[in-house]
Amino acid sequence: MNFRYRTFETTFTVFPHMTNYMYPMVFGGEMLSQMDIAAAMNVRRALYDSPTGCDNAVTVHCTDINFLVGAQVGDLILLKSEIYKVGTKSIAVQVEGYRERADGVEKLCDGRFIFVAQKEGSSHAHGLEL
């Protein structure tokens with residue numbers, strides 16, 4: 001592996017504006033958005049070590065998204081992401097989401113996100129290896 005950062009964790013709290021019409025449940029699109037952001041942060045950090053100078057990446061595909069349990073207003077959500085595969089220009093990230101409550105931690109969701117590295121606004125080989 002020729003880069004320092006393979007994993008990334010972040011948290012957020014579910015607020016009322018993140019819910020759908022089934023209040024107090026979080027809107028699935030909001031959860032998907034937060035998962036994508038966590039994956040993007042992971043990729044951004046990995047690109048710090050790009051020997052070709054790639055400085056950005058864009059999401060090109062998300063797959064195998066599973067919502068196992070709904071989060072509710074007030075839940076503290078932990079998102080864990082890990083880079084599991086790199087191609088010439090692509091970087092694949094697995095994201096898992098958990099909610100933390102007084103009685104423990106419960107898995108909420110998971111999914112995979114594929115990014116393409118960019119340099120100066122165009123796709124470019126990143127030079128990273130696992």
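As a basis for the values below, the full set of heavy atoms in this structure was taken, side chains included, without hydrogen atoms, waters or symmetry mates. Position 1 is the first residue of the sequence, and the numbers go up from there.
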Donor-acceptor contacts under 3.5 Å from residues 37-46 side chains, at least two apart:
{"from": "Asn42", "atom 1": "ND2", "to": "Arg6", "atom 2": "O", "distance (Å)": "3.3"}
{"from": "Asn42", "atom 1": "ND2", "to": "Ser81", "atom 2": "O", "distance (Å)": "3.3"}
{"from": "Asn42", "atom 1": "ND2", "to": "Ser81", "atom 2": "OG", "distance (Å)": "3.0"}

*Distance from Thr52 atom OG1 to His126 atom NE2, nearest 0.5 Å?*
8.0 Å
List the atom pairs, with distances to 0.1 Å, where a side-chain N or O of residues 26-34 and a protein N or O form a donor-acceptor pair under 3.5 Å, not counting sequence neighbours.
{"from": "Glu30", "atom 1": "OE2", "to": "Gln34", "atom 2": "NE2", "distance (Å)": "2.9"}

*Begin from the C-alpha positions of His124 and Gln118 and carry the test side-chain contact (heavy atoms from CB on, under 4.5 Å) through to its verdict.*
CA-CA 5 Å; His124 195 273; Gln118 292 188 328; 5.9 Å; no
*Enter the distance from Asp55:CG to Ser50:OG here, rounded to the nearest 0.5 Å.*
8.5 Å
*asked:* Counting C-beta onward and ignoring hydrogens, is there a side-chain heavy-atom pair between Val60 and Ser90 closer than 4.5 Å?
replied: no
_CD1 on Ile77 to OG1 on Thr11, rounded to 0.5 Å_ = 9.5 Å
*asked:* Measuring from atom NZ of Lys89 to atom SG of Cys54, what distance do you get when rounded to the nearest 0.5 angstrom?
replied: 9.5 Å
*asked:* If hydrophobic clusters are built by linking Ile, Leu, Val, Met, Phe, Trp and Tyr wherever their side-chain heavy atoms come under 4.5 Å apart, do Val116 and Tyr48 end up in the same one?
replied: no
*Enter the distance from Leu78:CG to Thr10:OG1 here, rounded to the nearest 0.5 Å.*
8.5 Å
*asked:* Looking at every heavy atom in both Asp49 and Asn2, which two are closest together, and how far apart are they?
replied: CB-O, 4.0 Å
*Got a second to check how far Ile114's CD1 is from Thr63's OG1, nearest 0.5 Å?*
8.0 Å
*Residue pair Ala117 / Leu47: nearest heavy atoms and the distance that separates them*: CB-CD2, 4.3 Å
*asked:* Under 4.5 Å between side-chain heavy atoms, counting indirect links through other Ile/Leu/Val/Met/Phe/Trp/Tyr residues: same cluster for Val69 and Val14 or not?
replied: yes
Please tabulate, for side-chain N and O atoms in residues 105-112, each donor-acceptor pair with protein atoms closer than 3.5 Å (sequence neighbours left out).
{"from": "Glu106", "atom 1": "OE1", "to": "Arg99", "atom 2": "NE", "distance (Å)": "3.0"}
{"from": "Glu106", "atom 1": "OE1", "to": "Arg99", "atom 2": "NH2", "distance (Å)": "2.8"}
{"from": "Lys107", "atom 1": "NZ", "to": "Asp110", "atom 2": "OD2", "distance (Å)": "3.0"}
{"from": "Asp110", "atom 1": "OD1", "to": "Asn66", "atom 2": "ND2", "distance (Å)": "2.8"}
{"from": "Arg112", "atom 1": "NE", "to": "Gln94", "atom 2": "OE1", "distance (Å)": "3.0"}
{"from": "Arg112", "atom 1": "NH1", "to": "Tyr84", "atom 2": "OH", "distance (Å)": "3.4"}

*Would you say Phe12 and Val95 are hydrophobically clustered, going by side-chain heavy atoms of ILVMFWY under 4.5 Å?*
yes
*Single-linkage hydrophobic cluster Met18~Leu79, side-chain heavy atoms < 4.5 angstrom*: yes
*Go through the steps to decide whether Met25 and Tyr23 satisfy the test side-chain contact (heavy atoms from CB on, under 4.5 Å), and finish with yes or no.*
CA-CA 5 Å; Met25 302 303 289; Tyr23 185 87; over 6 Å; no
*Using only heavy-atom distances, determine whether the side chains of Tyr98 and Glu96 contain a donor-acceptor pair under 3.5 Å.*
yes
*Worked verdict on Asp75 versus Arg101 for salt bridge (charged side-chain N to carboxylate O under 4.0 Å, His left out)*: CA-CA 7 Å; Asp75 283 346; Arg101 290 184 167 172; 3.0 Å; yes
*Under 3.5 Å, side chain of Thr88 to main-chain N/O of Ala125, donor-acceptor pair present?*
no
*Same cluster (ILVMFWY, side-chain, under 4.5 Å), Tyr5 and Leu130*: no
*asked:* Against Phe115, only a single residue in Ile83, Asn56, Asp36, Val58 fulfils side-chain contact (heavy atoms from CB on, under 4.5 Å); can you say which?
replied: Asp36
